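Naming: A, B, ... by sequence-line order, numbering from 1 per chain. Computed from a predicted model, the values in this text were never measured in an experiment.
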2 protein chains.
Amino acid sequence: MKIDPDSTVDLSAQIAKAIRDAIIAGDLIVDQRLPSEAELADHFEVSRPTVREALKRLAAQSLIRTQRGATGGAFVNRLRFEDAYAQQVTTSTLLLSMNAVSFDVACEARYALERACAPLSAQRRTPDQLATMRAEIHRQSQPGLTDEAFCASDVTFHRALVDGAGNKVLSYQLAGAVEAMQPLMNMITFTARSREAIVALHTDIADAVEAQDAPKVDTTLIKLEAYTRELAHSVVTARAERAANKETKPA
Amino acid sequence: MKIDPDSTVDLSAQIAKAIRDAIIAGDLIVDQRLPSEAELADHFEVSRPTVREALKRLAAQSLIRTQRGATGGAFVNRLRFEDAYAQQVTTSTLLLSMNAVSFDVACEARYALERACAPLSAQRRTPDQLATMRAEIHRQSQPGLTDEAFCASDVTFHRALVDGAGNKVLSYQLAGAVEAMQPLMNMITFTARSREAIVALHTDIADAVEAQDAPKVDTTLIKLEAYTRELAHSVVTARAERAANKETKPA
DNA sequence: TTACATTTTAATGTCTGACATTTAATCTGG
DNA sequence: CCAGATTAAATGTCAGACATTAAAATGTAA
């Protein structure tokens, strides 16, 4: 593991890269202890604060964890799916909000991916996952629910559907797509009638999943996607109209 | 933005979280300059090295960038899809290698996602993307190619297929799934005959995409998935046999 | 001998203060 | 008006110190 002191790149970034590459290459294995900060400082011929900045970079990516005390130090972290979810969701959310991704594009991606899971989920879903879907449908039917709570329940419902595929890699990939959509979905005002329509479609999906009817799940998801887009467009239209009124009225 | 000095959590982690939350909430907008390190140290009532560790954590997630000099400082970064790809690939790769994800599970996820893109790609692919697919098929047909180069070309081919959907969010999500598989694929030894079979399937896919025949793309991808799994299983079997011989022969 | 309390020790976490380096803005002389 | 020198403000780096934590080693009494 070497760095170039003459490079214009931050020393701490170089050190982080060197260690990260070693982890990816398998030279440092899970739960292995890195040298102490003082030893790393010696090795790379830099000061301890610089080493610490490098280690914090790696910690931010969940590549290492640190422990204080006599037998403490920095250890290569076993990257867990649960840890990766959070980062995936954060990153996806910011990508959507910072890159002017249209609702349509995000929606299309989300449902395309979800439909990829659906056949597997219809086949393999556990009773527990089915129960979660039913429970969320019930929650969504209750009046007085805020739009945010409705959306959150929607996310839980769809995550149960995705998790039903019983493939952790799929669940991980989908976590970002589904949850990152939530802020966009929150812009939609769900009227009583639109909630009713969504709950009806959710029920169809749960029924089809219970009956292991994959094609039915697929067609219902297509309907749900179309309806979601329709709702979003009506929001955009209403907003445009309000803006137009505002422009003409005051004078 | 506040932190709790009595918490057992690292101060730098708390500060990073406070700033990250502010970015996600939109309180800090793209390209906005954060206060200087000295000002942040004052604000949070910590020392400058602690603030710096927090900023390095955020930099590791591409949430901020720093600039030296008179008008320098830390700026909220516009998270780009290209930046996110790299992290996505790194994370996915480590997830697979550290969590004993079986080839079958990873393969299933990859092809399920890829098939989600295929219909869109058949419909929208540009001539350029089609040309990339053809070029990679040609490369894959050349004898003397190393297994690694063959795999790399395979990745490029499939990325062109995925990008053909013309949906950046889909491409981003797929980047991790497709590229993270590469180390696993590299374990497979591609014989002349298996390469021939794969090239034939790739050609079928390219033809179907050119003809905008979505169902044909789908069925061919299913065949390709089956064949890929078959190859992987034969590798595992061969390895097990070698191990068995090794156990009985030497004495 | 064993169980418990104490001390030691090795590591990370944090602080202070200083200097180096970079870069844009400002000043200055032609 | 322009080119070069100067200045100022920020990040990058360093050295050394102390605080805190937690495990291991040690000591002590039943």
**Student:** One character per nucleotide, please: for nucleotides 21-27 of chain D, 5' to 3', B when the base has a protein heavy atom closer than 4.0 Å, S when only the sugar-phosphate does, - otherwise.
**Tutor:** BBB----

**Student:** For the pair B/Asp163 (side chain) and B/Ser171 (backbone), establish whether a donor and an acceptor sit closer than 3.5 Å, ignoring hydrogens and angles.
**Tutor:**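 Answer holds: no.
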
**Student:** Tell me if a side-chain donor or acceptor on B/Asn167 pairs with a main-chain N or O of A/Val105 at a distance below 3.5 Å.
**Tutor:**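 Checking the backbone N and O of A/Val105 against the side chain of B/Asn167, a donor-acceptor pair under 3.5 Å is found.
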
**Student:** How close or far is atom P of C/dC15 from atom CG of B/Asp10, stated in whole angstroms?
**Tutor:**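 Nearest whole value for this atom pair: 11 Å.
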
**Student:** Within the structure shown, what part of the strands sits under 4.0 Å from A/Arg33 by heavy-atom distance: base, sugar-phosphate, or nothing?
**Tutor:**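 Answer is sugar-phosphate: A/Arg33 comes under 4.0 Å of backbone atoms only.
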
**Student:** When you match A/Ser47 and B/Ala74 each to their closest nucleotide on DNA chain D, which lands nearer the 5' end?
**Tutor:**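 Nearest nucleotide further toward 5': that of B/Ala74.
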
**Student:** Find the distance B/Asp4:CG to C/dT14:P and express it as a whole number of Å.
**Tutor:**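 Answer to the nearest Å: 12 Å.
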
**Student:** Could you give the distance from CG (B/Asn77) to CG (B/Leu58), rounded to the nearest 0.5 Å?
**Tutor:**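 Separation between the atoms: 11.0 Å.
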
**Student:** Return the value, rounded to whole Å, for the distance between atom CG of A/Asp6 and atom P of C/dA20.
**Tutor:**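 Atom CG in A/Asp6 sits about 17 Å away from atom P in C/dA20.
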
**Student:** Taking only N and O in the side chain of B/Arg52, is any of them less than 4.0 Å away from OP1 or OP2 of D/dG12?
**Tutor:**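 Checking D/dG12 against B/Arg52, a side-chain N or O does come within under 4.0 Å of OP1 or OP2.
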
**Student:** How long is the line joining CZ of B/Arg65 and C1' of D/dT11, in whole Å?
**Tutor:**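 In whole Å, D/dT11 C1' and B/Arg65 CZ are 15 Å from each other.
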
**Student:** Just how far, in rounded Å, is C1' of C/dT14 from CG of A/Leu55?
**Tutor:**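 A/Leu55 atom CG is separated from C/dT14 atom C1' by 15 Å.
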
**Student:** Starting at atom CD of B/Glu45, determine the distance to atom P of C/dC15, rounded to an integer number of angstrom.
**Tutor:**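 Taking CD of B/Glu45 and P of C/dC15, I get 10 Å after rounding.
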
**Student:** Hey, does the side-chain of A/Arg48 have a donor or acceptor N/O within less than 3.5 Å of a partner on the base of D/dG16?
**Tutor:**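 For A/Arg48, whose side chain was compared with the base of D/dG16, there is no donor-acceptor pair (under 3.5 Å).
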
**Student:** Hey, could you give me the CG/SG distance between B/Leu170 and B/Cys117, rounded to the nearest 0.5 Å?
**Tutor:**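 It comes to 4.5 Å.
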
**Student:** Would you say the side-chain atoms of B/Glu37 pair up with the backbone N or O of B/Val51, donor to acceptor, closer than 3.5 Å?
**Tutor:**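 The answer is no, because no donor-acceptor pair under 3.5 Å joins these two groups.
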
**Student:** For D/dC14, does either OP1 or OP2 sit under 4.0 Å from a side-chain N or O belonging to A/Thr50?
**Tutor:**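 Yes, such a contact exists.
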
**Student:** How close or far is atom P of D/dA15 from atom CG of A/Leu11, stated in whole angstroms?
**Tutor:**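 Between P of D/dA15 and CG of A/Leu11: 12 Å.
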
**Student:** Would you please test A/Glu108 and A/Arg229 for side-chain contact (heavy atoms from CB on, under 4.5 Å) and show each step?
**Tutor:** CA-CA 9 Å; A/Glu108 174 178 276; A/Arg229 288 203 201 194; 3.3 Å; yes

**Student:** Using atom CD1 of B/Ile3 as one end and atom P of C/dG13 as the other, report the distance to the nearest whole Å.
**Tutor:**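 Computing the B/Ile3:CD1 to C/dG13:P distance gives 15 Å.
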
**Student:** Thinking salt bridges, do A/Arg65 and A/Asp31 make one under a 4.0 Å N-O criterion?
**Tutor:**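 Looking at A/Asp31 together with A/Arg65, the answer is yes, because their closest N to O distance falls below 4.0 Å.
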
